[in-house]
Amino acid sequence: MEAGPKELPPLPSAVDGKVVLRLAPYPSGPLHIGNARAFLLNDAYAKRYHGRLLLVFDDTIGSEEKPLLPEAFDQVREGLEWAGVEFQEVLYKSDRIPLHYEWAEKLLATGEAYVDECDAETLRKNREARKACVHRTQDVDETIAMWKAMLSGEYREGEAVVRLKTDMADPNPAFRDRVLFRIAEREHPRVGSRYRVWPMLEFSWAVDDALLGITHVLRGKDLVMEDLMETRIWDDLGIERRPAFVHFGILRFKDIELSKSTYRKMIAEGRLTGIDDPRTWSLQSLRRRGIRPAALRDFVLSFGLSLNDIEVPVETLYAENRRRIDKEANRYFFVPDPVAVEIAGLPPIERVKAPLHPEVPGRGDREIPVGPKVHVAKEDFSKFRGKEVRLKDFCNVMLDHRATFVSLENKDIPKIQWVTHGVNVHLVLPDGSESRGLGEPLVASLKVDDVVQFERIGFARIDHVSKAEVRAFFAHR
RNA sequence: GCUCCCGUAGUCUAGUCCGGUCAAGGAUCGGGGCCUUUCGAGCCUCAGACGCGGGUUCGAAUCCCGCCGGGAGCACCA
């Protein structure tokens, strides 16, 4: 196969122009690299079939441990926009609660569902023991009355839930009378305290996937049980038109643990600098490092629809990104941990020229002022001290604190970068640490968003430029 | 434990449905070389895989059975 984006397998019974897909982010924080598979796959298929992609915020009330975050709605959209995901409509689960109630009432009326007053602990124990509680067999009128009481606030949080009568003896414990609605007295960032009875994910999707005319649900393998639940609810309600379910395996990254709630906590505690801290692996942080959306896309889409659970090294993403930024990135010298070196016997030269990009001569040269006092990286200094090295694009010296000039001509010896005087640079690394040093003078005239390559260090995106210093974010080698 | 899913090189993936064109293709990683005033890029090259065992068949990565290994789910989260 030729290089280039791999073609995705076709979607089952997909008709060009008729496909409707949906994205279901839970707004607890910005999207991160681990969410990329879901949203990019949906976007790619929507485009391929000239269909519609709906952004449906999954903002049911969540839980104490996983609360909704008001600013997450915009953070999610910002990330999607950066990633080039095009959706045609934005919807909120929290606007659709009355529809969920309607469906619930149908199930309650037919006796397919019931209101249960058992507390969470009892419910769990009964489930384990495959034991039904008294409420399962109460009559419909009573159930309806209890439902009304839930809505009107006669029950407090935790005092009643709506459960679907699946089967208390189902071999899968998760499938034993699943909870459909619960009471939450928490404030919702969008609708405040308008509702106190909130649907669980699979019920809300059973309603919305049907009502919104979704044709294909693309979701991770971890959500297969939700298929079963949605299907069961459609069966109970006689819903004919249903989406097809398509799954993909779990995507993990080697040595990276992703968790929106953990990062949110760490940001609150000041242990991370913000939602675009590189340690969060949020889309915002990738942008900040100079990762191209197209690189992310091709990288993630290359996994296809495989049901394999995979663990991939981020280096593969870096390789994809390097291909894209290498041509554009101009080359500059950055000397981390500078060590001062004074060169004796230097001919009177004031400046040297070096190409901005070795493969694109048309881009011109950069001028670097030179003089007897230079700085080299501490690491290079200790490695080459006492040996002859070439200060790249300048001259050859015997390296020491008091170095001696050898010659000007290019020699086949180790070449290191150097700076006479320049601008303070600090480079933020992916692990959050910072590398401080000096950049050649031209670095001060770079603009925010420029992606450059610090020779022998790697690619970085310029994040902030001021008189005093330049801050850059390291992308990768 | 129960339910479901998956097993092609170090990693990811194509091929598996409809057995032969697969003495298994691509990417990445690794080795070597060329080129290059970067430890980057480019070019050439080498190495590396069908989890195991049976069966069906003229023929199996592809079909069947068993085993082994890995993963996910089992919340009044999503």
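Applying the 3.5 Å distance criterion, the base of B:rU38 shares a donor-acceptor pair with the side chain of A:Gln453. For B:rA78, its base sits under 3.5 Å from the side chain of A:Glu226 at one donor and acceptor pair at least.
In this structure, A:Arg324 does not reach the B:rG40 phosphate: none of its side-chain N or O atoms is under 4.0 Å from OP1 or OP2. Put simply, A:Arg127 has a side-chain N or O that comes within less than 4.0 Å of OP1 or OP2 on B:rC76. For A:Asn35, no side-chain nitrogen or oxygen approaches OP1 or OP2 of B:rA78 to under 4.0 Å. Side-chain N/O atoms of A:Thr60 include one lying less than 4.0 angstrom from OP1 or OP2 on B:rA78. Residue A:Arg130 places no side-chain N or O under 4.0 Å from the OP1 or OP2 atom of B:rC2. The shortest distance between the side-chain N/O atoms of A:Ser302 and the OP1/OP2 oxygens of B:rC12 is not below 4.0 Å. Between A:Arg163 and B:rC76, a side-chain N or O to OP1/OP2 separation shorter than 4.0 Å is absent. Between B:rG71 and A:Arg252, no contact under 4.0 Å exists linking OP1 or OP2 to a side-chain N or O.
The nearest heavy atom of RNA chain B to A:Val224 and to A:Pro358 marks one nucleotide each, and the one closer to the 5' end goes with A:Val224. Position along RNA chain B of the nearest nucleotide to A:Arg176 versus A:Asp309 favours A:Arg176 as the more 5'-ward residue.
For A:Phe73 and A:Phe57, the ring centers are positioned less than 6.0 Å apart.
Ion pairing between A:Glu440 and A:Arg366 holds under the 4.0 Å rule for side-chain N and carboxylate O. A salt bridge does not link A:Lys327 to A:Glu359: none of the charged side-chain nitrogens sits closer than 4.0 Å to a carboxylate oxygen.
Heavy atoms of A:Ser28 sit nowhere under 4.0 angstrom from any nucleic acid atom.
Using C1' as the reference atom, B:rC50 and B:rU8 are 4 Å apart when rounded to the nearest Å. Spacing of P atoms, B:rU37 relative to B:rU45, comes out at 24 Å, to the nearest Å.
Comparing atom distances between the A:Asp119 side chain and each of B:rU3, B:rG40, B:rC76 picks out B:rC76 as nearest. For A:Leu307, the listed nucleotide lying nearest its side chain is B:rC5; candidates were B:rC5, B:rU13, B:rA72. The nucleotide whose nearest atom lies closest to any side-chain atom of A:Lys221 is, among B:rC6, B:rG40, B:rA78, B:rC6.
A:Tyr318 and A:His476 have parallel rings, their planes meeting at less than 30° on a 0 to 90° scale where 60° marks the start of perpendicular.
Applying the ring-ring contact (aromatic ring centres under 6.0 Å, His included) test between A:Phe181 and each of A:Trp198, A:Trp147, A:Tyr195 identifies A:Trp147 as the sole match.
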